[in-house]
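Because the structure is a prediction, the values reported are computed rather than measured.
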Amino acid sequence: QVQLVESGGGLVQPGGSLRLSCVASGYAFRIYVMNWYRQAPGKQREFVAGITGAFTTNYADSVKGRFTISRDNAKNTVYLQMNSLKPEDTAVYYCNHQNGFWGQGTQVTVSS
């Protein structure tokens, strides 16, 4: 049974930073692609960033240069470092396993 548990969300002012974490269990973490998605109120869920087992990364254009995805295979954890946050980054952020498993989400609110 794959389980994904996110943490690290919260309220931050514009220009601030947050780091999200997703701890995975129930499978061979290191060989799978892991992604972050987000869903803002009234909008569809959208891709934010992904990282392969070989540590290749890709990002949505809206977050390039501001967000960094990484993984620690020894800890079965994927991270999303978010810098220079904007109000439009406000959303529930979800961890995703390439085979379609999702975490419960963590709320990120960017507001002054």
(message) Set out, in order, the CA-CA distance, both residues' side-chain angles and the distance that settles side-chain contact (heavy atoms from CB on, under 4.5 Å) for Ser111 and Gln13, then state yes or no.
(response) CA-CA 5 Å; Ser111 175; Gln13 293 186 342; over 6 Å; no

(message) Can a donor-acceptor pair be found, under 3.5 Å and without considering hydrogens, that links the side chain of Gln104 to the backbone of Glu6?
(response) yes

(message) If the test is side chain to side chain contact (heavy atoms under 4.5 Å, CB included), which one of Asn76, Val78, Asn96, Thr52 qualifies with Met34?
(response) Val78

(request) Give a yes/no verdict on a cation-pi contact between Arg71 and Tyr32, requiring under 6.0 Å between NZ or CZ and the six-membered ring centre and an angle within 45° of the axis. (result) no

(message) Would a single hydrophobic cluster contain both Trp102 and Ile69, if residues Ile, Leu, Val, Met, Phe, Trp and Tyr are joined by side-chain heavy-atom contacts under 4.5 Å?
(response) no

(message) Working to the nearest 0.5 angstrom, can you tell me the gap between Leu4 CG and Ser25 OG?
(response) 7.5 Å

(request) Report the distance from atom CZ of Phe101 to atom CD of Gln1, rounding to the nearest 0.5 Å. (result) 7.0 Å

(message) Looking at Tyr94, I'd like to know if the NZ or CZ of Arg38 sits under 6.0 Å from its six-membered ring centre while staying within 45 degrees of the ring's axis.
(response) no

(request) Would you name the heavy atoms of Val110 and Thr90 that are closest together and state the gap between them? (result) N-OG1, 2.9 Å

(request) Drop me the distance from Ser7's OG to Tyr79's OH, to the nearest 0.5 angstrom. (result) 9.0 Å

(request) Give the minimum heavy-atom separation between Tyr37 and Val48, together with the two atoms involved. (result) C-CG2, 3.8 Å

(request) Verify the distance criterion only: is there a donor paired with an acceptor across the side chains of Asn83 and Ser17 at less than 3.5 Å? (result) yes

(message) Could you go through Leu18 and Val108, starting from their C-alpha distance and side-chain angles, then the distance that decides it, and tell me whether this counts as side-chain contact (heavy atoms from CB on, under 4.5 Å)?
(response) CA-CA 9 Å; Leu18 282 175; Val108 172; 3.9 Å; yes

(request) Determine, step by step, whether Lys64 and Asp61 satisfy the salt bridge (charged side-chain N to carboxylate O under 4.0 Å, His left out) criterion, reporting the C-alpha distance in whole Å, the side-chain angles of both residues, the deciding distance to 0.1 Å, and the verdict. (result) CA-CA 5 Å; Lys64 279 181 182 176; Asp61 287 343; 3.2 Å; yes

(request) Determine, stepwise, if the pair Ile51 / Thr56 fulfils side-chain contact (heavy atoms from CB on, under 4.5 Å). (result) CA-CA 5 Å; Ile51 185 166; Thr56 300; over 6 Å; no

(request) Grab the two heavy atoms, one from Tyr59 and one from Thr68, that are nearest each other, plus how far apart they are. (result) OH-CA, 3.4 Å

(message) Within the supplied structure, the quantity of interest is the number of heavy atoms (other residues, nucleotides, ligands) at a distance under 6.0 Å from Glu88 CD; does it exceed 12?
(response) yes

(request) Please confirm whether Tyr27 and His97 have ring centers closer than 6.0 angstrom. (result) yes

(message) Restricting to non-hydrogen atoms, name the atom on Ser84 and the atom on Asp89 that form the minimum distance, rounded to 0.1 Å.
(response) O-OD2, 4.4 Å

(request) Assess the pair Phe47 and Trp36: is the distance between their ring centroids shorter than 6.0 Å? (result) no

(request) Determine the minimum heavy-atom distance between Pro14 and Ser112, stating which atoms define it. (result) CD-N, 3.7 Å

(request) Give the C-alpha distance, both sets of side-chain angles, the deciding distance and a yes or no for side-chain contact (heavy atoms from CB on, under 4.5 Å) between Met82 and Leu20. (result) CA-CA 8 Å; Met82 305 185 295; Leu20 306 183; 3.8 Å; yes

(request) Give the cluster check for Phe29 versus Ile31: same hydrophobic cluster or not, with ILVMFWY residues linked at side-chain heavy-atom distances below 4.5 Å. (result) yes

